[in-house]
Amino acid sequence: MGDLMARLTRGRWTLIVSCVIILATFTATVDSQFMIESINMNEMESVSFSQFSISQSQFSDKIPCVFRGSVMFHGSSWKIDDCTECSCRNGTTDCDILTCQVAKCSDPVSIPGECCKLCPYIMQVVEVFSSFPPGQTIVEGKTHKFKFDPSIEIQKQKTSRQIRGENMWRIDAWVSRNKDGSGPQFSYRENILTDRQKANEFSRKKDIYDPANGKYWTFKKARYNFDASEGKCEDFRYFCIKFNVTDEPRPKFDLSLTYSVSKGEDERQIVCKRLGACKVGRSFGTLDKNFLY
């Protein structure tokens, strides 16, 4: 008996809402010139207006839902709580409940609007790579534009599955006499990344990050302008970059970020690529001597 009453109630709500929709349509077009083409006493086949036509079939697959005493239109969706989202599909209410995995940290954080507790962000860097092609010729006194893709390998067991935020990452660039980047740093530039690159999201999803198949976390199209007037040819042997976290990162959800380098070896953050011949230029760009290193 209870099921029958529920079905009758639902049918009544559906009929009322359908009537309201039809009545509103007719009211909105009361000034329009119209013509009733054909009306069957048992079934409305078509009502034609000067601009459009409405048939019963247009409403037959858009039955609204009644959820906890409220009418929800076909195609609408709504949240009951942070973990439950419902939708109306042709008179049927479907609700999906998100199941959270066990947090893999000792201090997960509850985030307003998020179903599952989140762990603070952690990242440990293993090695830095650069796609910069070695052997590029340098002309002393001129500015050279370098474009390359830095890539990062991380320690998976000590890095979060996903890290998001603003102003997160930095890559410093310079030219050095030494292959490890030590000593004087010529044409040093602090953080050559754009704002978008600083917010580059890290993800351990296998289709994105898979070192075994050559897929690393990459910063596309990094740019560096090398001013070869800051030094002499004998200084311009290696182009170096260093990856790090910025001084004021803004992780999403205000989660904390712990950044480290594998085995505490800071040199893992640096990679240098050999430059090619350096030419000493006179004024107006004439050349009088070559230095090969």
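Computed from a predicted model, the values in this text were never measured in an experiment. FYI, the numbering just counts along the sequence from 1.
Residues Ile122 and Val261 fall into different hydrophobic clusters, defined by Ile, Leu, Val, Met, Phe, Trp and Tyr side chains chained together at heavy-atom separations under 4.5 Å. Put simply, Ile270 and Ile192 are part of two different groups of oily side chains (I, L, V, M, F, W, Y) that touch within less than 4.5 Å, one to the next. Both Ile138 and Val175 belong to a common hydrophobic cluster when Ile, Leu, Val, Met, Phe, Trp and Tyr are linked at side-chain heavy-atom distances under 4.5 angstrom. Residues Val126 and Val271 do not share a hydrophobic cluster, clusters being chains of Ile/Leu/Val/Met/Phe/Trp/Tyr side chains in contact below 4.5 Å.
Annotation for Glu166: atom CD does not count as buried by contact number, only 12 or fewer foreign heavy atoms lying within 6.0 Å. Counting heavy-atom neighbours within 6.0 Å of Asp254 CG, excluding the residue itself, gives a total of 12 or less.
Interatomic distance, SG of Cys278 versus CD of Glu234, reported as 8.0 Å (0.5 Å rounding). How far CG of Asp235 is from CG of Leu275: 11.5 Å, rounded to the nearest 0.5 Å. Remark: Asp227 CG to His144 NE2 distance equals 9.0 Å, nearest 0.5 Å. Considering CZ of Phe219 and OG1 of Thr194, their distance stands at 10.0 Å, rounded to 0.5 Å. To the nearest 0.5 Å, the span separating CZ on Phe236 from OG1 on Thr137 amounts to 14.0 Å. Between Ile171 atom CD1 and Thr246 atom OG1 the span is 12.0 Å, to the nearest 0.5 Å.
Sequence neighbours left out, the pairs with a member in residues 97-129 that pass ring-ring contact (aromatic ring centres under 6.0 Å, His included) are Phe129-Tyr216. Residue pairs meeting the salt bridge (charged side-chain N to carboxylate O under 4.0 Å, His left out) criterion with at least one partner in residues 193-203, sequence neighbours excluded, are Asp195-Lys198. Residue pairs satisfying the disulfide (SG to SG under 2.5 Å) criterion with at least one member in residues 117-166, sequence neighbours excluded, are listed as follows: Cys105-Cys119. Sorted by first and then second residue, the ring-ring contact (aromatic ring centres under 6.0 Å, His included) pairs involving residues 171-197 (not counting sequence neighbours) form an empty list.
For Arg189, the salt bridge (Lys or Arg N to Asp or Glu O under 4.0 Å) partners at least two apart in sequence or on another chain are Glu230. A search for salt bridge (Lys or Arg N to Asp or Glu O under 4.0 Å) contacts involving Glu265 returns Arg268, not counting sequence neighbours.
Between Cys100 and Cys116, a gap of under 2.5 Å is found separating the two SG atoms.
Nearest approach of Ser131 to Asp149, heavy atoms of both residues: OG-N, 2.6 Å. Taking both residues in full, the closest heavy atoms of Met168 and Pro249 are given as SD-CB, 3.9 Å, listed atom of the first, atom of the second, then distance. Across every non-hydrogen atom of Leu98 and Cys115, the tightest pair is CD2-CB, 3.7 Å. Across Ser182 and Ser176, no two heavy atoms sit closer than the pair O-OG, 3.0 Å. The shortest heavy-atom contact between Pro120 and Ser256 is CB-OG, 3.2 Å. In terms of heavy atoms, Pro108 sits closest to Lys117 at CB-CB, 3.8 Å.
The cationic atom of Arg170 (NZ for Lys, CZ for Arg) does not lie both less than 6.0 Å from the six-membered ring centre of Phe243 and within 45° of the ring axis.
Formation of a donor-acceptor pair under 3.5 Å by the Lys273 side chain with backbone atoms of Ser130 is found in this model. Side chain of Thr84 to main chain of Asp81: no donor-acceptor pair is present (N/O by atom type, distance under 3.5 Å, no hydrogens or angles). At least one donor-acceptor pair under 3.5 Å links the side chain of Asn200 to the backbone N or O of Thr218. Although no hydrogens or angles enter the test, the distance criterion places a donor-acceptor pair under 3.5 Å between the side chain of Gln197 and the main chain of Lys220. In this structure, Asn225 contributes its side chain and Lys145 its backbone to no donor-acceptor pair below 3.5 Å.
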Quiz item: After noting the C-alpha distance and the side-chain angles of Phe202 and Ile154, does the key distance pass the side chain to side chain contact (heavy atoms under 4.5 Å, CB included) rule?
Solution: CA-CA 10 Å; Phe202 171 78; Ile154 56 90; 3.6 Å; yes
Quiz prompt | ring pair (Phe, Tyr, Trp, His ring centres under 6.0 Å) assessment of Phe148 paired with Tyr224 | solution = CA-CA 9 Å; Phe148 58 102; Tyr224 165 70; 7.7 Å; no
Quiz prompt | side chain to side chain contact (heavy atoms under 4.5 Å, CB included) between Gln185 and Asp172, intermediate numbers included | solution = CA-CA 11 Å; Gln185 297 173 322; Asp172 302 340; over 6 Å; no
Practice problem: Could you please spell out the steps behind the side chain to side chain contact (heavy atoms under 4.5 Å, CB included) verdict for Glu140 and Lys232? | Solution: CA-CA 7 Å; Glu140 186 181 293; Lys232 297 182 179 180; 3.9 Å; yes
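The closest side-chain heavy-atom distance from Val109 to Phe253 is not below 4.5 Å. Counting heavy atoms from C-beta outward, Lys62 and Phe73 have side chains that stay 4.5 Å or more apart.
Taking the six-membered ring where the residue is Trp, Phe146 and Phe226 present tilted rings, their angle falling between 30° and 60°.
The ring of Trp78 has its center closer than 6.0 angstrom to the ring center of Phe67.
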